[in-house]
Amino acid sequence: MNKTKVELKECPYCFGRGYFQLILGGSETCNSCKGTGEKS
């Protein structure tokens, strides 16, 4: 059985959104992908 590795094109920290939704309201830009939502 050959398992192919699926490459994630979205940022694993913000799930491709480019920002984090804050608990108290508002949002913060993801530092990992600089707001692009793509995996660097």
Side-chain angles (χ1 to χ4, degrees):
M1 185 180 263
N2 189 7
K3 289 185 179 180
T4 56
K5 186 180 177 188
V6 178
E7 269 194 53
L8 292 175
K9 298 217 186 298
E10 65 183 27
C11 178
Y13 299 103
C14 64
F15 304 106
R17 291 190 298 257
Y19 64 90
F20 292 107
Q21 198 68 39
L22 301 179
I23 296 168
L24 299 174
S27 61
E28 185 176 314
T29 304
C30 178
N31 290 328
S32 179
C33 66
K34 309 276 191 291
T36 63
E38 294 180 8
K39 189 175 181 182
S40 55

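Every heavy atom of this structure was used, including side-chain atoms; hydrogens, water molecules and symmetry mates were not.
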Quiz item: Where do Glu38 and Cys33 come nearest, in terms of heavy atoms and distance?
Solution: O-CB, 3.3 Å
Practice problem: Provide the closest heavy-atom pair for Phe20 versus Tyr13 in the form atom of the first, atom of the second, distance. | Solution: CE2-O, 3.2 Å
Quiz item: Rounded to the nearest 0.5 Å, what separation is found between the NZ atom of Lys39 and the SG atom of Cys14?
Solution: 12.5 Å
Practice problem: Give, for atom SG of Cys11 and atom NZ of Lys34, the distance between the pair rounded to the nearest 0.5 Å. | Solution: 10.0 Å
